[in-house]
Amino acid sequence: MQASHCRRVLYNMRRMRNLRTIRLASGFNQKSYFQKSMPLLGLALGAMAIHHYSKPAFCEENSKKEESVENELEVTLDNFEELTSENITEVMNSRDTKFIYYYNKETTSPEYMKAVNEHANKMSNGLRCKCYALDVEQNGDALKEYLSTRNMTSKLEDEIDNNCFILANGHDDIWFWDDTLMSYFHGELLEQVMNFYTGVRVLHDEHELMITMTENDNHFVVFCKDDTKENDKKLKNLRRFQTKNTDGFLKIKFWVLRDEKLAKQLGIDTDSFGDIYVLKACNQYNQLEATTNLNGKDIYSMKVTNILDTSKATDLYVDIVSVALAFPIIVNDFMSFAQLFSKYQSPSLIVYCDKKDPNFKNILSETFKARQNFPLKIAKRDPGANPNHDLKNNLLFIVSTQPMLIPLLKLADKSPRVILAMPEYDQNDIYDLRDHQWKNLKKIDGFTAEEFYKRVAEKSELKKAKNDDEKESAKAKFSEDRFKFSKAYSFSGKINCEKINTFIEAVQKNKVHNYFESEPVPEETHAERIVGEDLKKKVLLSDHDCVVLVENPNMNENRGYEKKYENYVKKQKDKDVKFYRIKSFNETDIFTFKGYSTPTVLYFKSEQKDKPAELDIKKDLVMGSANKQAYDRIEGFVRENK
């Protein structure tokens, strides 16, 4: 059985480094005072701990003083202004966004200094920061003295010693970083840095709010009438939350509102400073009752908590995320789903229903009711605890109106369906086809099962690959991703709150079969499956005659012909002719299947590979001929072209 393309994509998504998996632990691991002073999350689905950034080897090597006279370079920091004891207070108190590099000139190599200078250019041009450099030997005491006035912890010296950069925004917040900032300055980290510098947006009028009121949006608003330095300092927690706000699928937006009239219209108490309110558009997905109306649009407004206590920042953020996750998450494209499933690493209940289905609204209503029966318990979890063992408290609810958002399994029809997908925390969470449907196969893609699995284990094909195309080809055929899947459970038919509840509880008690257990045992494949690079290497450039079954990507179009082809190949002993199978979307720079009606069978002669002979198999497709007739036609075709 060929693993579906979508499922392989999902499996690989969980291993993408640029989507650094956020697991359920406690606090941030990045080395910064900003984070250590207040780890924002302590969630179960929740404590979004970012992986330690491993310090690159070049950083350690370049941090040593260069001994070779040949490599002596002049240390210059062209992109920096000098930060000294005379101007440090003025610079730090300014409203400018700042990137500060502090260093010891005697122990810093010229090459490393050059890398820092290039990074400063990015910070200056890309983020509009003012860049400052401070020589620790000359002005280190002034830096410590200034920072000590900011009520920083007793670990101030450790922070300075273990880092080399300070990011400072116009709100008097600072963020320590070590040299990993330069190495990982992209993706989520870059977005966090941009959020840190930008701060929380000011909500000027209702129109600015309305244009961002989509189905998943969660707006959190704090009323602060006067823009004073004292008030700004009190809203520090709000800026901390905004810095880490990089989840595109939850669509959390933080605002400061200064318009008293609009605040009262939204039901916000203007006399209680620091209260944060959630605003959501009322729609069929969340079933909320309107508390106000803006320009004809129903809006739900509710006080969540007060955010002024910086010592309770983690708990406050838990309250905020709890509100955002209290409703089913609407996902409209596959990549968002893959990121959501990968990032949160939490069991996910996916309800699929086409918008045109007559029961669509009712299914949404029932899904919302079920969500209320399984409220997410956002609390600290013991390290290594498996969320799959406690579905009741760790379950994400997702609504999908697109069948392709559910690549975990192949939907045979477009009827409403519920799927429970499990993340992989340990070996018990993985379904391996080799232990089930593939267990008794004797031939796989033209190899004996023993030889095939040996190539998978030893990665021999991957090691032999000479270029990226050959590597991708080897991965598609000989990677373990082809056999291993996250466990998934499913039911279809009538979908209501009661059935969802019963289904979840049955899965929890191991009373539901894994979805993949219902999949048919695959055929033994005696013809080797190939992809684009293989077509070029094994067929077009080989010295053998080659017979290739070109399959239509839509399995229904093949009408089971691949089984008839395999039945023929199974009995062939002529080693001078090689037999292959390939999907029609594969092509190379010297051959394409465009113009061929698929499925089809092509015969490539060793001396004339550019013009293969084609077997007319329309009768076998249209008439549904017996295996014997198809066998005879293929045999005659091969005999004629040898």
Side-chain angles (χ1 to χ4, degrees), residues 194-195 198-227 231-232 235 238-239 241-242 245-307 319-333 336 353-357 360-365 367-369 371-372 397-402:
M194 291 174 67
N195 287 346
T198 305
V200 181
R201 295 172 60 185
V202 175
L203 181 60
H204 297 97
D205 54 52
E206 61 187 69
H207 301 291
E208 194 172 11
L209 183 66
M210 298 304 293
I211 60 175
T212 54
M213 277 282 189
T214 60
E215 53 201 16
N216 274 341
D217 282 299
N218 297 276
H219 297 264
F220 292 92
V221 181
V222 174
F223 176 73
C224 177
K225 184 176 182 180
D226 301 316
D227 183 17
N231 285 344
D232 201 35
L235 296 179
L238 192 64
R239 294 191 297 277
F241 303 157
Q242 173 62 16
N245 183 27
T246 58
D247 289 337
F249 22 81
L250 280 186
K251 296 188 177 179
I252 293 177
K253 296 178 175 64
F254 294 101
W255 303 89
V256 171
L257 176 60
R258 307 202 188 281
D259 187 331
E260 190 170 0
K261 181 180 178 181
L262 179 57
K264 290 180 177 179
Q265 188 179 355
L266 292 170
I268 296 175
D269 184 354
T270 57
D271 296 324
S272 180
F273 186 76
D275 287 348
I276 189 166
Y277 285 73
V278 62
L279 305 178
K280 286 183 73 73
C282 300
N283 56 45
Q284 58 189 347
Y285 295 101
N286 56 42
Q287 311 286 309
L288 290 171
E289 294 184 8
T291 58
T292 188
N293 188 284
L294 293 180
N295 288 340
K297 191 165 189 173
D298 288 336
I299 304 295
Y300 173 79
S301 172
M302 180 190 75
K303 177 184 171 181
V304 178
T305 186
N306 187 288
I307 64 165
D319 292 338
I320 290 170
V321 176
S322 296
V323 172
L325 293 173
F327 310 97
I329 303 167
I330 317 305
V331 182
N332 294 315
D333 64 88
S336 293
C353 185
D354 193 294
K355 288 183 178 180
K356 297 178 182 178
D357 191 289
F360 179 66
K361 289 186 178 180
N362 183 59
I363 289 176
L364 288 179
S365 178
T367 302
F368 177 75
K369 290 178 186 177
R371 165 81 284 184
Q372 309 314 303
F397 273 63
I398 298 170
V399 170
S400 166
T401 58
Q402 306 272 343

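Please read all numbers here as calculations on a predicted model, not as lab measurements. Values below: all heavy atoms of this structure, side chains included; hydrogens, waters and symmetry mates excluded.
- We find the CD1-OG1 distance between Ile330 and Thr401 to be 8.5 Å, quoted to the nearest 0.5 Å.
- To the nearest 0.5 angstrom, Thr246 atom OG1 is 12.5 Å from Met194 atom CE.
- Side-chain atoms of Lys280 and Asn218 form a donor-acceptor pair, as typed in the model, at a separation below 3.5 Å.
- Rounded to the nearest 0.5 angstrom, Ile268 CD1 and Ile276 CD1 are separated by 9.5 Å.
- For the pair Ile329 and Asn216, the minimum side-chain heavy-atom distance is below 4.5 Å.
- Annotation for Asp319 and Val304: closest pair O-CG1, 3.9 Å, computed over non-hydrogen atoms.
- The backbone N or O of Thr214 lies less than 3.5 Å from no partner atom in the side chain of Lys251, so there is not a single donor-acceptor pair.
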May I have the step-by-step check of side-chain contact (heavy atoms from CB on, under 4.5 Å) for Thr292 and Gln265, ending in yes or no? CA-CA 7 Å; Thr292 188; Gln265 188 179 355; 4.3 Å; yes
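- A heavy-atom distance below 4.5 Å is found between the side chains of Glu260 and Phe223.
- Considering every non-hydrogen atom in both Ala326 and Arg371, the closest pair reads O-CG, 3.0 Å.
- Side-chain contact between Thr198 and Gln242: absent, with no pair of heavy atoms (C-beta onward) separated by less than 4.5 Å.
- In terms of modelled atom types and a separation under 3.5 Å, the side chain of Asn306 and the main chain of Phe273 share a donor-acceptor contact.
- The nearest pair of heavy atoms linking Val202 to His204 is O-ND1, 3.2 Å.
- In terms of modelled atom types and a separation under 3.5 Å, the side chain of Asn283 and the main chain of Asn286 share a donor-acceptor contact.
- Between the side chain of Thr212 and the main chain of Leu209, a donor-acceptor pair closer than 3.5 Å is present.
- Listed here is the closest heavy atom pair of Ala281 and Lys297: CB-CE, 3.8 Å.
- In this structure, Met210 places its CE atom where more than 12 heavy-atom neighbours from other residues, nucleotides or ligands lie under 6.0 Å away.
- Residues satisfying the salt bridge (Lys or Arg N to Asp or Glu O under 4.0 Å) test with Asp217, not counting sequence neighbours, are Lys253.
- Of the inter-residue distances, the one linking Asp259 atom CG with Asp205 atom CG reads 8.5 Å to the nearest 0.5 angstrom.
- Here the side chains of Ile299 and Met213 are in contact, with some heavy-atom distance below 4.5 Å.
- Between Val331 and Ser400, every side-chain heavy-atom pair lies at or beyond the 4.5 Å cut-off.
- Here the side chain of Tyr277 pairs a donor or acceptor atom with the backbone of Asp269 at under 3.5 angstrom.
- Of all heavy-atom pairs spanning Cys224 and Val256, the tightest one is CB-CG1, 4.0 Å.
- At distances below 3.5 Å, at least one donor-acceptor pair connects side-chain atoms of Asn195 with backbone N or O atoms of Asn245.
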If you apply the rule side-chain contact (heavy atoms from CB on, under 4.5 Å), what do you find for Val200 with Leu235, and how did you get there? CA-CA 9 Å; Val200 181; Leu235 296 179; over 6 Å; no
Does Thr291 form a side-chain contact (heavy atoms from CB on, under 4.5 Å) with Met302? I'd like the steps, not just the answer. CA-CA 8 Å; Thr291 58; Met302 180 190 75; over 6 Å; no
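- With contacts defined as side-chain heavy-atom distances shorter than 4.5 Å, the pair Glu206/Leu266 does not qualify.
- The side-chain heavy atoms of Leu364 and Val399, taken from C-beta on, include a pair separated by under 4.5 Å.
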side-chain contact (heavy atoms from CB on, under 4.5 Å) evaluation trace for Ile252 with Phe241: CA-CA 10 Å; Ile252 293 177; Phe241 303 157; over 6 Å; no
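- Distance check: Cys353 SG to Phe360 CZ gives 6.0 Å after rounding to the nearest 0.5 Å.
- With hydrogens and angles ignored, the 3.5 Å screen pairs a side-chain donor or acceptor of Thr367 with a backbone N or O of Ile363.
- Remark: Arg201 pairs with Glu208, Trp255 by the side-chain contact (heavy atoms from CB on, under 4.5 Å) rule, at least two apart or across chains.
- Side chains of Leu238 and Phe220 form no contact here, defined as non-hydrogen atoms less than 4.5 Å apart.
- Taking every heavy atom of both residues into account, Gln287 and Ser365 meet most closely at OE1-OG, 3.6 Å.
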